[in-house]
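The first residue of the sequence shown is numbered 1, and numbering continues consecutively from there.
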Amino acid sequence: MATTPPLEHRTRFFDHRIPSLYAGRYTITTQHSITNVPGASLPPREQRFDVRGPRFAIAGADVRACYPPPGAVGLYSQVLPHVTLETPGVPWLRFLDGQEPDVPWLALLVFREGELPEDLKAIGQASACTVRELLAGQQDNGDALEGQGPAIAPEHLFADEVESVCRSILVPKELFAAIAPLPKEMAMLAHVREGGPPDATLGAAPTPDEEELAAVVVANRFPDVKGGMHVAHLVSFDGHEGLLSGDPVPAEGVRLVSVWSWAFESEPDSGIGFGDLAQHLATDTSPLLRLRPDEPSNPDAAQREALARIATGATALPQRLLSGERTASFYRGPLTAAPAHALPDPADGEVRLQSADEALIYFEEYGVYDTGYASAFTLGRTLALADAEFRRHLLEWRKAARGAARRLLTHPDLAGCSLTAASADLLKRDLARDAFDKLLTDGAGARFARALGEAGGDVAAGRRRAAGASRSAAAPLTAATLHTALGRAEVRDVLRAATATELDPVAAWLDELVTLHRVPFEHLVPDPRMLPRESIRFFYVDPGWIKAAVDGALSIGVGHTLDADLNELARGVRQAPACGVLLHSDIVEGWPDTVYAGFQGATKIEPLRVAHYGTHVLMSLFPNMVDTFAFAEPPQGLFFGFGDLGTIELRKIGGPEVGMPMGEFPEVPEDDRFGRFLRPGGFDVLNVAGDGDALLPGLAQAHNLDPNGPGLSSAQFTLQMVRAPQLQSFVRP
C-alpha cells in the first residue's frame, strides 16, 4: 500500500565545492625570451590580484537557515544542529595547511550552559575586538585576550581586514579536546545541498541548478538530554592548523573566531518520543472502540447477551425510569465496534421518531433497556433547544415551507401540471400581483377594461362573485392531499428550492450534527476504559443513532402533522460518516502538526471532519470505509540525527534507487543503540571517524564497502544522517 505522498521536491547532496583558487593574494609573473637570440629577453611582468571571501565574519544575508532555529524552544537532544549558507563554496574557500582539500576551514561547535567562560548562560555572548587586537592577543585598552588565538601572518591579511571587528570565543583546554572535530570528521560534516524541481526519472542526474545550491555545515555534538540553553558557533580553524595536525591543546585554552552564532533552548528529553509513542500504539492487537471485560468460562444466556452487546461498543449504565424506579441499561453511542444493524424499513416509507420513548429498546426476557437511540433523540432535542439561533431559523423555515406547500397545491399554473425547476420560482412570486399583471396585459388591456365596466353594475346591484369560481380546476386542499404530495420526490425538491433561503441555515446545523458537532464526548465514549491513555481505536458510525438525533432536533416546535411531514425536507442533506478513528495520546498535544491520513487500499480518503477533545484526544471521521490509518511525524525541514528508537534509516548510496530506505541501523537491539557511536566522556559528541567504535566504519560495513577502500563520501554520509519523519500505519482489525 502506498502511504507516501508523491515526490514534490528534489534534494541532492554533493561532497564539496573546492575552488580553483583559494581566497588570498596572488601574483602572476610573466617572462618572455626571444628564441635564437642569445641573452635577449623582455623585462618580466607581474600582475597582482586578490581572491576575496569571508574570513572573520559572515554576513547575515549569506546565512540561509539555522536548525534549531535561533531562539527556538523544543526537544532537540536527538538532532545535530546545522547551518545552511547561501554561497555553496564558502566552507572550502580557504586551504588549511597540512590537510586534504576537502577539509573545510569552518566547523560548527555546540556549547551548553556553564561551558564557555565568557558566556556561562549560553546565550550567544562573545568577545568583540579588531582583527589586529585578536592576532596580537591584547586589546588596545590593555586587557589580554585569554587563549591561544589564530596564527595568521600580517602579510596574508588585506588592508581592510586588519581593523575590521570580529567576534571570538575562549574554549577551555579540556572542552576543546573533548568536542573539537578531527579533520576527516570536518570533511564528513560539510556538504553541498541542492533543492529543486522533481526528477523526471528516479535516479536521474541533471546538471545542478546553481540557484538552488547551498553549503551545509553540521555539528558533531547533540544538545543535552537534560535540556537547557545552547549556543552554536560556526568557528574558523584558519590559523589553528597545528591543532588539527596533532599539536597539544594549550593549557590556557583556544580562542576561536566565531563567524556566525545563534542560541536555542532544548527541552528535557523524557526518553519517550514520537517513535516510542507510535510503536507503543502499534502493540495493541485489537484496536476497536469497546470494553474488554473478563469473560466467564461458561457464560449463561444473560451473560452471553451482555457480552454480545459489549462487543459492539455498548456499556452498562445506571438508569432511572419515568416512574422513578432505578435499574441498569445498555448504552451505545454513534461510534460502534461493529457495523450497526440496519433499522427496519417499514412498508409505508420512512419512520420518524416523535419522542424518546419510541426509541427505547426493551429486552423483555432480561428486563433491561437499550437506551442508545432514545438518548440520541433526547440529545438532538436538547442541543436544538439550547441553540436559540437554530430554533429561530427552524421556525422561520417551517412557516415558509407551510406557505409554499399550500401554494403549490392551489397555484392555478401548477395544479395538475408536471413540476420542473421553474416551479420553485412560481412559488416565490406574488400570486395576486401576477394575476393583476395578467389582467392588465391580456388583450392589450381589453380584459381589464371589460372587468371595470362590469364591476360598476355588480356593485350597484349588490351582487357578489361566487367564492372559488376561478378555482374550479384546482384540487381541493386537505391534509391528506398535502401528505400525499410530500411523498413525491419532485414535490420535495420544488419545496426545498422554493424555501432555500430559510432552509440553508437549518440544513447547515443538521449537517454539523450528522458529523457529531456539539455532541458531548461522554456520548461518544461513554466509558473511559474504552479509550485509555496511549491508545488508538477504530470505529464504525451508526447512521440510525444519527438519524435519531436529527429526529430529536426537528421535534421542537412541531404543531401538527404537516410540520412533521415537512421535516423530511430538512433531513438527508448529508450522509452520515462511515467510520473513523480515535487517538488518545501525547502525540496529539506534543506534535500538533502530525500528518494523519486514512486509506482504502492505495486510495487516500479525505476526512469529513477532524476534531480535538481536550489536549490529548483526536477524532477523524471518514465518508467511506478505511482499512488503514497512518500518521507521520510533522515535517520540520531537513535535519540530521537519530530517531526515537536510537537508530538511523540506512539508505542506498548509488544506482537508480539512491536514497531509498534499507532498514534501521544499527540492527542489534540495545538499550541505547546510537549511544555506541558517541565519544567517551559524556559530552554527547558523535564519534564519526575517531578511535574506538566510530560511525563511519560502521556505515561502510553496513553497505558492504571494502574496509580498505575510501568508504563513504561526505554526501553519502549525509544521506544516512538525514532524519526522515517517522511513519506509523494501523490496519483495521
Could you tell me whether the side chains of His280 and Glu534 share a donor-acceptor contact shorter than 3.5 Å?
no
Determine whether Cys579 and Arg732 make a side-chain contact, defined as any pair of heavy atoms from C-beta on separated by less than 4.5 Å.
yes
Side chains of Tyr540 and Met625: does their closest heavy-atom pair fall under 4.5 Å?
yes
Salt bridge (Lys or Arg N to Asp or Glu O under 4.0 Å), that's the test. Do Lys547 and Asp551 meet it? Break it down for me.
CA-CA 6 Å; Lys547 180 182 179 300; Asp551 283 342; 3.1 Å; yes
Counting C-beta onward and ignoring hydrogens, is there a side-chain heavy-atom pair between Pro577 and Val514 closer than 4.5 Å?
yes
Looking at Thr378 and Ser375, would you say the former's side chain and the latter's main chain have a donor-acceptor pair under 3.5 Å?
no
Locate the shortest heavy-atom distance separating Leu353 from Ala359; write the atom from each residue and the value.
CD1-CB, 3.7 Å
Nearest non-hydrogen partners of Val610 and Ser620, listed with the distance
CG2-OG, 4.0 Å
Without swapping roles, check the side chain of Arg609 against the backbone of Leu516 for a donor-acceptor pair under 3.5 Å.
yes
So CG of Leu531 and CE of Met619: to nearest 0.5 Å the spacing works out to 11.5 Å
Glu358 CD: over 12 foreign heavy atoms closer than 6.0 Å:
yes
Closest heavy-atom pair, Ala630 versus Leu727, reported as atoms and distance to 0.1 Å, is CB-CD1, 4.0 Å
Keeping Arg320 on the side-chain end and Arg326 on the backbone end, is there a donor-acceptor pair under 3.5 Å?
no
Determine, step by step, whether Leu379 and Val519 satisfy the side chain to side chain contact (heavy atoms under 4.5 Å, CB included) criterion, reporting the C-alpha distance in whole Å, the side-chain angles of both residues, the deciding distance to 0.1 Å, and the verdict.
CA-CA 8 Å; Leu379 176 63; Val519 177; 3.8 Å; yes
In short, Arg533 meets Asp586 closest at the heavy-atom pair NH2-OD1, 2.5 Å
Is it the case that the side chain of Arg290 and the backbone of Met530 share a donor-acceptor pair, with hydrogens and angles ignored and the cut-off at 3.5 Å?
no
Is it the case that the side chain of Tyr331 and the backbone of His523 share a donor-acceptor pair, with hydrogens and angles ignored and the cut-off at 3.5 Å?
yes
Could you label the plane-to-plane angle of the Tyr362 and Tyr369 rings as parallel, tilted or perpendicular, counting under 30° as parallel and over 60° as perpendicular?
tilted
Atom CG of Leu554 and atom CZ of Arg381: how far apart are they, to the nearest 0.5 Å?
11.0 Å
Quick one: does Asp542's side chain have a donor or acceptor within less than 3.5 Å of a partner on Ala340's backbone?
no
By salt bridge (charged side-chain N to carboxylate O under 4.0 Å, His left out), which residues pair with Arg402, not counting sequence neighbours?
Asp563
May I ask you to check whether Phe538 and Phe730 place their ring centers less than 6.0 Å from one another?
no
Run the side chain to side chain contact (heavy atoms under 4.5 Å, CB included) check on Gln728 and Phe629 step by step: do they pass?
CA-CA 9 Å; Gln728 183 67 56; Phe629 181 75; over 6 Å; no
Side chains of Leu288 and Phe539: does their closest heavy-atom pair fall under 4.5 Å?
no
Measuring from atom CG of Leu394 to atom CD of Glu389, what distance do you get when rounded to the nearest 0.5 angstrom?
12.5 Å
Ser585 (side chain) donor-acceptor with Leu281 (main chain) under 3.5 angstrom
no
Less than 4.0 Å between a side-chain N and a carboxylate O, is that true for Asp284 and Arg537?
yes
Answer yes or no: is there a side-chain heavy-atom contact under 4.5 Å between Thr336 and Val541?
no
I want to check something: taking the side chain as every heavy atom from C-beta on, are Phe599 and Val626 in contact at a cut-off of under 4.5 Å?
no
Could Arg391 and Asp387 be called an ion pair, given the rule that one side-chain N must be under 4.0 Å from one carboxylate O?
no
Hey, does the side chain of Trp545 reach the backbone of Gly372 with a donor-acceptor pair shorter than 3.5 angstrom?
yes
With side chains defined as the heavy atoms from C-beta onward, is the minimum distance between Ile605 and Pro623 less than 4.5 Å?
yes
Take Phe377 and Leu360 through the side chain to side chain contact (heavy atoms under 4.5 Å, CB included) test and state the conclusion after the steps.
CA-CA 10 Å; Phe377 183 93; Leu360 278 173; over 6 Å; no
Give the C-alpha distance, both sets of side-chain angles, the deciding distance and a yes or no for side chain to side chain contact (heavy atoms under 4.5 Å, CB included) between Ser729 and Thr628.
CA-CA 7 Å; Ser729 297; Thr628 304; 4.2 Å; yes
Spacing of CZ belonging to Phe330 relative to OG1 belonging to Thr371, to within rounding of 0.5 Å
10.5 Å
Side chain His584, main chain Pro532, donor-acceptor under 3.5 Å
yes
Parallel, tilted or perpendicular: which describes the rings of Trp509 and Phe390, with under 30° parallel and over 60° perpendicular?
parallel
For atom CZ of Arg392, is the number of surrounding heavy atoms from other residues, nucleotides or ligands below 6.0 Å larger than 12?
yes
On a heavy-atom basis, the closest approach of Asn298 and Gln303 is O-OE1, 4.3 Å
Side-chain donor or acceptor of Glu267 paired with backbone N/O of Val73 under 3.5 Å
no
To the nearest 0.5 Å, tell me how far Asp511 CG sits from Leu608 CG.
10.0 Å
Does any non-hydrogen side-chain atom of Val581 lie less than 4.5 Å from one of Ile536?
yes
Please identify each residue that fulfils side chain to side chain contact (heavy atoms under 4.5 Å, CB included) with Thr312, with sequence neighbours left out.
Ala314, Arg332
Nearest 0.5 Å, please: how far is OG1 in Thr594 from CD1 in Ile587?
6.5 Å
Closest non-hydrogen contact found for Ile556 with Arg398 is O-NH1, 2.9 Å
